[in-house]
Amino acid sequence: MKGGVHVPNLEQLLELNLPFYQSLAPKERLEFNKRVEIFIANKRFTAIDCVITIQDKALIAAGALLPIFRFPEYYYPQLREILLYPDTFNHDYEYAGKERNILGMVGERLELKSTMILSLKAMRQGFGNSKDGKNVVIHEFLHLIDGDDFEIDGFPDSLLDHQYSIPFMELIRKEMQKIEKNKSALDSYAGTNPAEFFAVAGELFFENPAKMEKNHPELYKMLKKVFKQD
Ligand SMILES: [Zn+2]
């Protein structure tokens, strides 16, 4: 793995855009910064019809690192390239014209499993308002983790020991019922299937843990265990 790419004023950028970062101790911040710079050096970023800055790359790297910060050896082994489209896109990968509602994509639906696509606009919005529980970068990287066992099914095998799979999936099922009954603080998209549930719940967990703890204490406790955030 290559060493890091220097990002000017990284600490200020992360402090401004990442509530999680604000809670880190000074030593942990240094480690986080270093890993952001290593991530940028080792993944290819390709901008299609748009221009991305080193700050954009740093935010994407930071979003990728949030769920795996307590797993220092983990660097998304499957992922090689991140494609940035200027705007939302559709299933034909068109990012202009009508009916484009995809903000990001990874894994099963992509021909190349080593590629992630992100809408640059959605990516920047995800960080701009960082407490609304919506962040496409965190969302897509959670799908990647979930898919490490070649199955995007909602259970993150690389993070959580298999002995927890039954209680974990049971909890997801219960929480999905709350969404159905309109009794959930999670975005209703989490009700689509367990994989989307995991990604959407993770977004809220990292963007607004207080809201999750208040509304979904059991899920909050479980996700703390998954991401080793105790
Ligand atoms: Zn998704």
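Nothing here was measured: the structure is a model prediction, and the numbers come from that model. Atoms within a ligand are numbered from 1 in the order they appear, just like the ligands themselves. Residue numbers count from 1 along this sequence.
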* To do: Answer yes or no as to whether an N/O/S atom of E140 is found below 2.8 Å from the Zn ion (ligand 1).
  => no
* **Verdict with supporting geometry, T88 and R100, side-chain hydrogen bond (donor to acceptor under 3.5 Å, both in side chains)** => CA-CA 6 Å; T88 48; R100 296 170 292 111; 3.1 Å; yes
* **Angular separation of H139 NE2 and H143 NE2 about the Zn ion (ligand 1), given to 10°** => 100°
* Hey, does the Lys NZ or Arg CZ of K43 hover above the aromatic six-ring of Y76, less than 6.0 Å from the centre and inside 45° of the axis? -> no
* **For F155, ring pair (Phe, Tyr, Trp, His ring centres under 6.0 Å) partners two or more places apart** => H162, F168
* To do: For the Zn ion (ligand 1), find the closest N/O/S atom belonging to E196 and write down its atom name.
  => OE1
* Kindly state whether the ring of F206 and the ring of F227 have centres lying under 6.0 angstrom apart. => yes
